[in-house]
Amino acid sequence: MLRSVLRGTGSALPARIVTNAELAQQVDTTDEWIVERTGIRQRHVAGDAETTGTLATAAAANALAAAGLSPSDIDLIILATATPDRTFPATAAAVQRELGCGIGIAFDMQAVCSGFIYALATADAMLRTGMARHALVIGAETFSRILDWTDRTTCVLFGDGAGAVVLSAQDVPPDGPGIIATRLHADGQHEELLYVDGGPSTTGTVGKLRMQGREVFRHAVTNLADVMEQVLNETGFASSDVDWVVPHQANARILDATARKLGISPDRVVTTVDRHANTSAASIPLALDVAVRDGRIRPGNLVVLEAMGGGFTWGAALLRT
Ligand code: UT7
């Protein structure tokens, strides 16, 4: 059967690290509060020369090297981001140019923190229907540029970074590698719980992130457990078959609560929220790259990716490495 096979992963982080202690000098917060409520200890913050596009390009170059493919092999680039370099054109087109990929399909995808799952599902569908052969799927964000740095309820939670994967359409046996299933959901009723208060068509400004964290938290645990259960049940797998869960890294307590609901041990959950904070669409491919490079995720593993974010949007992907 034709499947989208994971060929390589890569990531890139801004050079500057901002610790909780440093933030506590700017807003009324403490390292203890942030660690206890979120698990976050530090985040990377982009400098003037670092943008979503430069981070995405660096992450994609690393993923291509890991895959052993060259830029000219890539005929599809989907970049998940809510913080593009420009309102248009798509940052994916800049990545294509900077890597020297040549002419192909390139576009951005906007599903905030679920963006990488949405992009992965879209690339998978396009690869399996023959629209492309080798895809770069990237999650890249510079949320530091849309944070209200005087609002302690949001500014301590997010960070910048990028992660990327290379997928290739390959004929594989049913128990072979590749994306087995994806499930996507959106429910526009909860827009006011997590949004940015600006945009090109309304205020003409970029705007700042606003969130009612406690409410988002409640929805996140329920929706994530449901969609993971769905992707497993519908493909005939049990949670005990899963080698690794690579979740969107919003809050260590969400990761723990979701895993507990499904009876998955915390040692099978890849956690990077302590170092990266919440990097929105970048968090899953960043965490995936960490776990592939440190040897935890190995060929033949069954891996679940899951995310939930503004919209609300949420989704999960089940794949074999
Ligand atoms: O990626 C997209 C999805 N996003 C998420 O999944 C985020 C989901 N939400 C969360 O992760 C958590 O709700 C937060 C980490 C945002 C907040 O944790 P919480 O345990 O839900 O705290 P809370 O909002 O109920 O606030 C508790 C208290 C409040 O004080 P009062 O009203 O009880 O006096 C806040 O004002 O903590 C206060 N607080 C802070 N204190 C110190 C809020 N932010 C801070 C802070 N430092 N940075």
Side-chain angles (χ1 to χ4, degrees), residues 18-43 80-83 110-118 139-144 146-161 163 184-188 190-196 208-228 245-259 261 269 271-274 276-287 305-316:
V18 176
T19 63
N20 292 347
E22 206 177 325
L23 279 183
Q25 293 170 0
Q26 293 167 38
V27 287
D28 182 17
T29 190
T30 59
D31 176 52
E32 294 71 36
W33 190 94
I34 301 171
V35 172
E36 192 196 313
R37 299 294 180 119
T38 72
I40 297 165
R41 294 181 182 276
Q42 62 170 51
R43 72 284 297 140
T81 189
T83 47
Q110 222 290 40
V112 208
C113 298
S114 314
F116 185 76
I117 302 286
Y118 268 68
E141 302 277 18
T142 43
F143 260 47
S144 62
I146 56 165
L147 293 176
D148 175 352
W149 286 99
T150 65
D151 175 10
R152 70 175 185 172
T153 69
T154 53
C155 77
V156 304
L157 304 174
F158 295 90
D160 300 335
L184 303 177
H185 299 290
D187 179 357
H190 304 291
E191 178 173 355
E192 298 307 317
L193 298 181
L194 177 50
Y195 66 101
V196 166
K208 298 290 180 207
L209 183 149
R210 307 292 170 203
M211 177 166 75
Q212 292 180 36
R214 204 179 313 182
E215 281 302 300
V216 176
F217 189 107
R218 203 170 53 78
H219 285 276
V221 175
T222 310
N223 290 345
L224 289 171
D226 284 354
V227 76
M228 278 171 73
V245 180
V246 185
H248 167 51
Q249 308 281 321
N251 183 323
R253 285 158 52 217
I254 296 179
L255 272 54
D256 290 346
T258 309
K261 258 189 144 183
V269 179
T271 305
T272 51
V273 68
D274 53 333
H276 300 160
N278 181 346
T279 57
S280 183
S283 87
I284 290 175
L286 264 167
L305 316 178
E306 42 96 334
M308 141 102 190
F312 287 150
T313 54
W314 66 103

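All values below were derived from every heavy atom in this structure, side-chain atoms included, with hydrogens, water molecules and symmetry-related copies excluded. Note that the numbering runs from 1 along the sequence shown for the chain. Read the numbers this way: they start at 1 and go in the same order the structure lists the ligands and their atoms.
Trp33 CZ2, 3.4 Å is the protein heavy atom nearest to atom 39 (N) of ligand 1. Summary of contacts: the protein heavy atom closest to atom 2 (C) of ligand 1 is Cys113 SG, 3.3 Å. Annotation: atom 6 (O) of ligand 1 to nearest protein heavy atom, Ile254 CD1, 3.2 Å. Considering only non-hydrogen protein atoms, atom 47 (N) of ligand 1 sits nearest to Thr29 OG1, 2.7 Å. At the shortest separation from atom 9 (N) of ligand 1 among protein heavy atoms lies Gly213 O, 3.0 Å.
Distance check on atom 37 (O) of ligand 1: some protein heavy atom falls below the 4.0 Å cut-off. Under the 4.0 Å distance rule, the nearest protein heavy atom to atom 34 (O) of ligand 1 falls outside the cut-off.
When heavy-atom distances to ligand 1 are checked against a 4.0 Å cut-off, Asn251 comes that close only through its side chain, counted from C-beta outward. Heavy atoms of Val156 found under 4.0 angstrom from ligand 1 belong exclusively to the side chain. Heavy atoms of Met308 found under 4.0 angstrom from ligand 1 belong exclusively to the backbone.
Heavy-atom proximity to Thr153, at under 4.0 Å, picks out these atoms of ligand 1: 43 (C), 44 (N). Interface atoms of ligand 1 facing Asn278, defined by a heavy-atom separation under 4.0 Å, are 1 (O), 2 (C). Each of the following atoms of ligand 1 lies closer than 4.0 Å to a heavy atom of Leu157: 15 (C), 16 (C). Atoms of ligand 1 found under 4.0 Å from any heavy atom of Ala250, numbered from 1 in the order shown, are 1 (O), 5 (C), 6 (O).
A heavy-atom separation below 4.0 Å is not found between Gln212 and ligand 1.
Counting heavy atoms from C-beta on, the side chains of Arg210 and Asp148 come closer than 4.5 Å. With contacts defined as side-chain heavy-atom distances shorter than 4.5 Å, the pair Arg41/Thr19 does not qualify. Using a 4.5 Å cut-off on side-chain heavy atoms (C-beta onward), Val27 and Trp149 make no contact. No side-chain heavy atom of Lys208 sits under 4.5 Å from any side-chain heavy atom of Thr154. Between Phe312 and Leu193, the closest side-chain pair of non-hydrogen atoms falls below 4.5 Å. Under the 4.5 Å side-chain criterion, counting only non-hydrogen atoms from C-beta, Asp187 is not in contact with His219. Arg152 is not listed as a side-chain neighbour of Trp33, based on a closest heavy-atom distance of 4.5 Å or more. Contact check for Asn251 versus Asn278: no side-chain heavy atoms found under the 4.5 Å cut-off.
Of the listed residues (Gln249, His219, Arg37), the one carrying the non-hydrogen atom nearest atom 22 (O) of ligand 1 is Arg37. Of the listed options Thr313, Val216, Thr38, Ile34, Val216 places a heavy atom closest to atom 4 (N) of ligand 1. One option in Arg253, Met211, Glu215, Arg214 has a heavy atom closer to atom 26 (O) of ligand 1 than any other, and that option is Arg214. Considering each of His248, Glu36, Arg152, the one bringing a non-hydrogen atom nearest atom 30 (O) of ligand 1 is Arg152.
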TODO: Give the C-alpha distance, both sets of side-chain angles, the deciding distance and a yes or no for side-chain contact (heavy atoms from CB on, under 4.5 Å) between Thr38 and Val156.
DONE: CA-CA 9 Å; Thr38 72; Val156 304; 5.5 Å; no

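With rounding to the nearest 0.5 Å, the separation of CG in Asp28 from OG1 in Thr153 is 12.0 Å.
In terms of heavy-atom proximity, Gly309 sits nearest to Cys113 at CA-CB, 3.8 Å. When all heavy atoms are compared, the tightest approach of Pro285 to Gly163 is CB-C, 3.4 Å.
The distance criterion of under 3.5 Å between nitrogen or oxygen atoms is not met by Thr30 with respect to ligand 1.
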